[in-house]
Asks: 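Could you have a look at this structure, given as structure tokens, before my questions?
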Amino acid sequence: MPELPEVESLRRILARSADRRTITEVRVVEPRLRRPVAHDLADRVAGRRIESIGRRAKYLMLALSGGNTLLVHLGMSGSLTHRRVATDDAPFMTRHDHLELILDDQSRLVFNDPRRFGLMKVFDADGLKTAPELAGLGPEPLDGGFNADYLAQVCRGRKAAIKNVLMDQGIVAGIGNIYASEILFRAGVRPTRRAGRLKRAEIDLIIRFTPIILNAAIASRGTTFRSYRDSRGQPGRFKERLMVYGREGEPCRTCGEPIRNVVVGQRASFYCPRCQH
DNA sequence: CTTACATCCTGATTGC
DNA sequence: TGCAATCAGGATGTAA
């Protein structure tokens with residue numbers, strides 16, 4: 001499930017392999033993603049050069065010559081792979097390859113998404129400023145905007161579980177189910193705790209560990225839990241370093257207590273009953 | 001305003 | 001072994 005570290009890893013790899021290349025052709029094989037790919041997307045992308053590759057929250061942003069921006073979201077099962085040639089292991093097209101960007105060096109960026117929860121949308125410069133996908137996003141967790149004063153303020157009076165607060169893209173942008181659980185483990189706070197009941201010291205710990213966890217995950221090029229692959233088709237290595245996510249019944253790496261799985265806001269949430277309070 | 005929940009989808013896993 | 005039921009979950013839209 002691609003979250004900020006996976007998308008940021010993808011961005012960094014693509015920045016080396018695809019940046020400054022011209023998109024010579026766009027092929028839409030399956031437009032039925034979560035929202036249909038616009039019929040004019042190919043015309044608005046083809047022939048333009050990739051000027052820079054950015055990221056906002058879990059969105060990848062390809063800035064194109066002429067002012068258009070291609071916004072990409074991987075949903076839950078999406079990947080964007082850079083393929084230079086067809087091989088036996090990676091044939092030219094595979095199942096669930098929905099859209100491909102052909103670059104001027106004959107390589108291709110292929111969007112594959114089995115569950116089709118992803119997004120591919122193009123904006124002009126004005127449209128990007130008012131893009132509904134980006135308009136309501138909260139601060140980036142690796143920028144200064146996500147600090148203890150801010151988190152304390154948004155938690156004040158809230159009855160929602162702190163884990164739901166961390167996953168609310170309007171409060172802080174880019175954290176999903178895996179990293180919310182990992183951050184709360186490191187902060188020693190149970191995912192079920194009501195946000196408004198947290199002490200300032202606990203808020204401080206959440207803020208302190210958020211960039212530590214996310215940067216460590218980026219350094220491992222993300223977490224591959226089931227299917228995530230980076231643009232070279234490689235899995236992320238952070239799964240080996242997960243402390244709680246997906247480890248129900250396994251011993252806590254700190255104290256040995258079995259990790260528990262509780263449902264918070266319709267999502268599986270993992271925690272150590274001894275290390276987290 | 002906040003919170004709850006159904007919806008989209010298919011591969012992997014579980015149950016019988 | 002085989003098939004059906006269940007689960008997983010990011011963002012969105014609607015309802016309470």
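In this text the structure is predicted, and so the values were computed from the model without any measurement. Here is the naming used below: chain letters follow the sequence lines, and residue numbers restart at 1 for every chain.
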Asks: Got a list of protein N/O to nucleotides 13-16 of chain C N/O distances below 3.5 Å?
Replies:
{"from": "C:dG13", "atom 1": "OP1", "to": "A:Arg35", "atom 2": "NH2", "distance (Å)": "3.3"}

Asks: Indicate the ring-plane relationship of A:His73 and A:Tyr59, choosing parallel, tilted or perpendicular according to the 30° and 60° boundaries.
Replies: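 Correct class here is perpendicular.
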
Asks: Which part of the nucleic acid, if any, lies within reach of A:Arg32 when heavy atoms closer than 4.0 Å are counted: base, sugar-phosphate only, or nothing?
Replies: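 The residue A:Arg32 makes no contact with any strand.
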
Asks: Are A:Arg260 and A:Glu248 ion-paired here, with the side-chain N under 4.0 Å from a carboxylate O?
Replies: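 Not counted as a salt bridge, because no side-chain N and carboxylate O are separated by less than 4.0 Å.
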
Asks: How close or far is atom P of B:dT2 from atom CZ of A:Arg194, stated in whole angstroms?
Replies: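 In whole Å, B:dT2 P and A:Arg194 CZ are 15 Å from each other.
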
Asks: Below 4.0 angstrom, which residues in residues 116-135 of chain A have at least one non-hydrogen atom near DNA chain B?
Replies: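 Contacts with DNA chain B under 4.0 Å: A:Arg116, A:Phe117.
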
Asks: Rounded to whole angstroms, how far apart are CZ on A:Arg34 and C1' on C:dT12?
Replies: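 Value for this atom pair: 5 Å.
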
Asks: Counting only side-chain nitrogens and oxygens, does A:Arg158 get under 4.0 Å of the OP1 or OP2 atom of B:dT3?
Replies: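 For A:Arg158, the contact criterion (side-chain N or O under 4.0 Å from OP1 or OP2 of B:dT3) is met.
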
Asks: Quiz question: going by heavy-atom distance under 3.5 Å, is there a donor-acceptor pair between the base of B:dG11 and the side chain of A:Arg95?
Replies: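 In this structure, the two groups form no donor-acceptor pair.
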
Asks: Parallel, tilted or perpendicular: which fits the ring planes of A:Phe111 and A:His98, with parallel below 30° and perpendicular above 60°?
Replies: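 The arrangement is tilted - the two ring planes meet at 30° to 60°.
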
Asks: Exactly one of A:Ile171, A:Ile203, A:Ile207 should register a side chain to side chain contact (heavy atoms under 4.5 Å, CB included) with A:Tyr150. Which one does?
Replies: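 Among A:Ile171, A:Ile203, A:Ile207, the one meeting side chain to side chain contact (heavy atoms under 4.5 Å, CB included) with A:Tyr150 is A:Ile171.
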
Asks: Mind listing the N/O atom pairs, protein and nucleotides 4-6 of chain C, below 3.5 Å?
Replies:
none

Asks: Looking at CG of A:Leu119 and CG of A:Leu60, how far apart are the two atoms once the value is rounded to the nearest 0.5 Å?
Replies: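 The CG atom of A:Leu119 sits 11.5 Å away from the CG atom of A:Leu60.
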
Asks: Output yes when A:Asp97 and A:Arg83 qualify as a salt bridge under the 4.0 Å nitrogen-oxygen rule, no when they do not.
Replies: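 Counted as a salt bridge, because a side-chain N and a carboxylate O are separated by less than 4.0 Å.
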
Asks: Any carboxylate oxygen within less than 4.0 angstrom of a Lys/Arg side-chain nitrogen, looking at A:Asp204 and A:Arg208?
Replies: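 The answer is no: the pair does not qualify as a salt bridge.
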
Asks: How would you list, by chain and number, every residue that makes a side-chain hydrogen bond (donor to acceptor under 3.5 Å, both in side chains) with A:Glu51, sequence neighbours excluded?
Replies: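 Scan of A:Glu51 (side-chain hydrogen bond (donor to acceptor under 3.5 Å, both in side chains), adjacent residues dropped) gives A:Arg20, A:Arg49.
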
Asks: Is A:Glu140 salt-bridged to A:Arg55, going by a charged N under 4.0 Å from an acidic O?
Replies: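 Salt bridge: yes.
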
Asks: For the base of C:dA8, is there a side-chain donor-acceptor partner from A:Arg115 under 3.5 Å away?
Replies: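 Such a pair is found, so the answer is yes.
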
Asks: Can you check the A:Lys163 NZ to C:dG10 C1' distance for me, whole Å?
Replies: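 Result: 12 Å.
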
Asks: B:dG11 phosphate, OP1 or OP2: any side-chain N/O from A:His96 under 4.0 angstrom?
Replies: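 So the side-chain polar atoms of A:His96 do come within 4.0 Å of the phosphate oxygens OP1 or OP2 of B:dG11, strictly under.
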
Asks: So does A:Arg221 get a backbone contact from the side chain of A:Arg237, meaning a donor-acceptor N/O pair under 3.5 Å?
Replies: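 Checked: no pair found.
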
Asks: Just how large is the angle between the end axes of the helix from B:dT2-C:dA16 to B:dC16-C:dG2, five pairs per end, to 10 degrees?
Replies: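 Result, rounded to 10 degrees: 60°.
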
Asks: More 5' along DNA chain B: A:Asn164 or A:Arg267, using each one's nearest nucleotide?
Replies: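 Mapping each residue to its closest nucleotide by heavy atoms, the 5'-most match is A:Asn164.
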
Asks: What is the separation between atom CD1 on A:Ile178 and atom P on C:dA8, rounded to the nearest whole Å?
Replies: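 To the nearest whole Å, that distance equals 13 Å.
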
Asks: Could you tell me whether A:Glu8 and A:Arg11 make a salt bridge, using a distance below 4.0 angstrom between a side-chain N and a carboxylate O?
Replies: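 So A:Glu8 pairs with A:Arg11 through a salt bridge.
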
Asks: Can you tell me how far CG of A:Leu71 sits from CG of A:Leu134, rounded to the nearest 0.5 angstrom?
Replies: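 So the gap between those two atoms works out to 5.0 Å.
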
Asks: Calculate, to the nearest 0.5 Å, the distance between atoms NZ and CG belonging to A:Lys58 and A:Leu4 respectively.
Replies: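 One finds 9.0 Å between NZ of A:Lys58 and CG of A:Leu4.
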
Asks: Below 4.0 angstrom from OP1 or OP2 of C:dA8, is there any side-chain N or O of A:Tyr245?
Replies: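 No.
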
Asks: Rounded to the nearest 0.5 Å, how far does CZ of A:Arg267 lie from OG of A:Ser181?
Replies: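 If we round to the nearest 0.5 Å, A:Ser181:OG and A:Arg267:CZ are 12.0 Å apart.
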
Asks: Using a cut-off of 6.0 Å, state whether more than 12 heavy atoms not belonging to A:Arg241 lie near its atom CZ.
Replies: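 Count not over threshold, so no.
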
Asks: How long is the line joining CG of A:Asn177 and P of C:dC7, in whole Å?
Replies: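 The answer, rounded to whole Å, is 16 Å.
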
Asks: Please test A:Arg116 against A:Asp113 for salt bridge (charged side-chain N to carboxylate O under 4.0 Å, His left out), starting from the C-alpha separation and ending with a verdict.
Replies: CA-CA 5 Å; A:Arg116 305 214 308 263; A:Asp113 185 5; over 6 Å; no

Asks: Looking at DNA chain C, which of residues 166-174 of chain A put a heavy atom within less than 4.0 Å of it?
Replies: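 Those residues whose heavy atoms fall under 4.0 Å from DNA chain C, taken from residues 166-174 of chain A in numerical order, are A:Met167, A:Gln169.
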
Asks: Report the distance from atom CD1 of A:Ile183 to atom NZ of A:Lys163, rounding to the nearest 0.5 Å.
Replies: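 If I round to the nearest 0.5 Å, the distance is 11.0 Å.
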
Asks: Does a side-chain N or O from A:Lys58 land closer than 4.0 Å to OP1 or OP2 of C:dA11, or not?
Replies: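 Yes, because at least one side-chain N or O of A:Lys58 sits under 4.0 Å from OP1 or OP2 of C:dA11.
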
